[in-house]
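Some notes on the structure that comes next.
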There are 2 protein chains.
Amino acid sequence: MGVDCHHTESAQPGLEGAALASAVAAAASKCERTRERLTPPRRRVLELLLEADGPMKAYDLIAAYGQDGEPAKPPTVYRALDFLERLGFAHRIESLNAYVPCRMEGTSHRAAFLICECCGTAEEFEPDFSPQFAAAEAAGYAVRTVTLEARGLCPACKVEAEPIAT
Amino acid sequence: MGVDCHHTESAQPGLEGAALASAVAAAASKCERTRERLTPPRRRVLELLLEADGPMKAYDLIAAYGQDGEPAKPPTVYRALDFLERLGFAHRIESLNAYVPCRMEGTSHRAAFLICECCGTAEEFEPDFSPQFAAAEAAGYAVRTVTLEARGLCPACKVEAEPIAT
DNA sequence: CAGGTTATGTTATTTCATAACGCAAGAGAT
DNA sequence: ATCTCTTGCGTTATGAAATAACATAACCTG
Ligand SMILES: [Zn+2]
Ligand SMILES: [Zn+2]
Ligand SMILES: [Zn+2]
Ligand SMILES: [Zn+2]
């Protein structure tokens, strides 16, 4: 987060109550269809990601894991994150060492993020790489996955940072 | 590196002798022009990056730092890396936690990489984001920097992995 | 229920990165 | 030249992120 920024830090709300339950249920049903198991630790980590106002660090998840305040052991959370990433329910943001729940509806997408350096939000968007890798593939590369993370200011923070127009 | 891959691990050669000296000298003269100081630790880390066959981890640099085998202290190397990144002489590859010397001639570029999951090489290329962020900027985002890392197989490894055509 | 597979619990360790602080070296001003 | 401001370095210590290894438990399938 920017040094010169004083936000209440929550441009992206985080789910609660019914919305949260519904998002988790959607994930559960998608798992059933593919014969994958949304076990308690996996479900719990998914909940924590969905509840959060922004990207969560692994050790934040570890600390928040137990409803009674008991932290999880690191492998518990890292394994759950591996699973959630594999199924497309969550993404890791490399440049932040942090994790977000997937915000895109479609099952198949390549994740990309617009990260605000001021308020810390990370908005997922669907990138278009067609022109980008035509050359690479022509040169013989076989591109499998792509990490695209743009950093800058979100609309709200950009306005705040701008000098007042006279 | 891929599990099923058996390379001698050096698709990208690494500089030696005159080529190395010339690359370092080029960096030094660019520093002089901008009144920046290529101090001994900075020069040493740059050398190590240029000599390497591929992306170097920070602790590999730390271990290799002393010509006599004495390792550096971590802050020495991390500070040098910060400097080299700031001046555009090196790049950090987020998805690898590793560093490479800049391979592009132009002073101003946004770095992007094609990373081979088999042999570990990382080829830098100049990305074209014009279409990519037109929408984002239209929506009010101010994009400052972009991390683009594509992972897959380089031409050499791709050939090796392909089933023999009948 | 037997046997294979997948997931978890637990301990410990490894890997990656920075905080903090005092000292040294360089750049400008007088 | 000396003062002084700034930048960089050396050093110690610690913090943050991720994984190795191995034993146990739950699930599935025949
Ligand atoms: Zn997504
Ligand atoms: Zn913002
Ligand atoms: Zn470059
Ligand atoms: Zn390769």
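Lettering follows sequence order; numbering is per chain, from 1. Just so we're clear, the structure is a prediction, and the values are computed from it rather than from any experiment.
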Under 3.5 Å donor-acceptor, [X] side chain and [Y] backbone:
| X | Y | result |
| --- | --- | --- |
| A:Arg44 | A:Tyr65 | yes |
| B:Glu85 | B:His91 | no |
| A:Gln12 | A:Asp53 | no |
| B:Arg42 | B:Arg37 | yes |

Range on DNA chain D touched by chain A, heavy atoms, distance below 4.0 Å: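 First-to-last contact on DNA chain D, by the 4.0 Å heavy-atom rule, is D:dA17 to D:dC27.
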Mind checking side-chain hydrogen bond (donor to acceptor under 3.5 Å, both in side chains) for A:Arg35 and listing every partner two or more places apart, or none if nothing turns up?
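side-chain hydrogen bond (donor to acceptor under 3.5 Å, both in side chains) list for A:Arg35, sorted by chain: empty.
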Using a 4.0 Å heavy-atom cut-off across all strands, classify [X] as base, sugar-phosphate, or nothing.
| X | value |
| --- | --- |
| B:Arg79 | base |
| B:Pro75 | base |
| B:Arg37 | sugar-phosphate |

Answer yes or no: does a side-chain N or O of A:Arg43 lie under 4.0 Å from OP1 or OP2 of C:dA7?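 False: A:Arg43 side-chain N/O out of range (4.0 Å or more) of C:dA7 OP1/OP2.
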Quiz item: Which residue, B:Thr39 or B:Lys73, contacts DNA chain D at a nucleotide closer to its 5' end, judged by nearest heavy atom?
Solution: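 Closest to the 5' end, via its nearest nucleotide, is B:Thr39.
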Ignoring hydrogens and geometry beyond distance, is the side chain of B:Arg35 in donor-acceptor contact with the base of C:dG26 at under 3.5 Å?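 Looking at the base of C:dG26, it does not pair with any donor or acceptor on the side chain of B:Arg35 (distance under 3.5 Å).
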- Treat each ILVMFWY residue as a node, draw an edge where side-chain heavy atoms are under 4.5 Å apart, and state whether A:Leu48 and A:Leu50 are in one component.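 Yes, it is one cluster - the side chains of A:Leu48 and A:Leu50 are joined through contacts under 4.5 Å.
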query: On DNA chain C, nearest-nucleotide positions of A:Arg86 versus A:Pro74: which is more 5'?
result: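 Going by which nucleotide is closer to the 5' end, it is A:Arg86.
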Scan side-chain atoms only and decide if A:Ser29 and A:Arg33 contain a donor-acceptor pair under the 3.5 Å cut-off.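 Side chains of A:Ser29 and A:Arg33: pair found under 3.5 Å.
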Does this structure show an ion pair linking B:Arg92 with B:Glu94, if we count only N-O contacts that are shorter than 4.0 Å?
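Salt bridge: yes.
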- Over its full length, what angle do the end axes of the helix from C:dC1-D:dG30 to C:dT30-D:dA1 make, each axis taken from five pairs and the result rounded to 10 degrees?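 That helix has its two terminal axes inclined by roughly 40°.
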Notebook entry, point to check: Does the side-chain ring of B:Tyr59 sit on the six-membered ring of the C:dC16 base, less than 5.5 Å centre to centre and under 30° in tilt?
Noted result: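 By the stated criterion, B:Tyr59 and C:dC16 stack.
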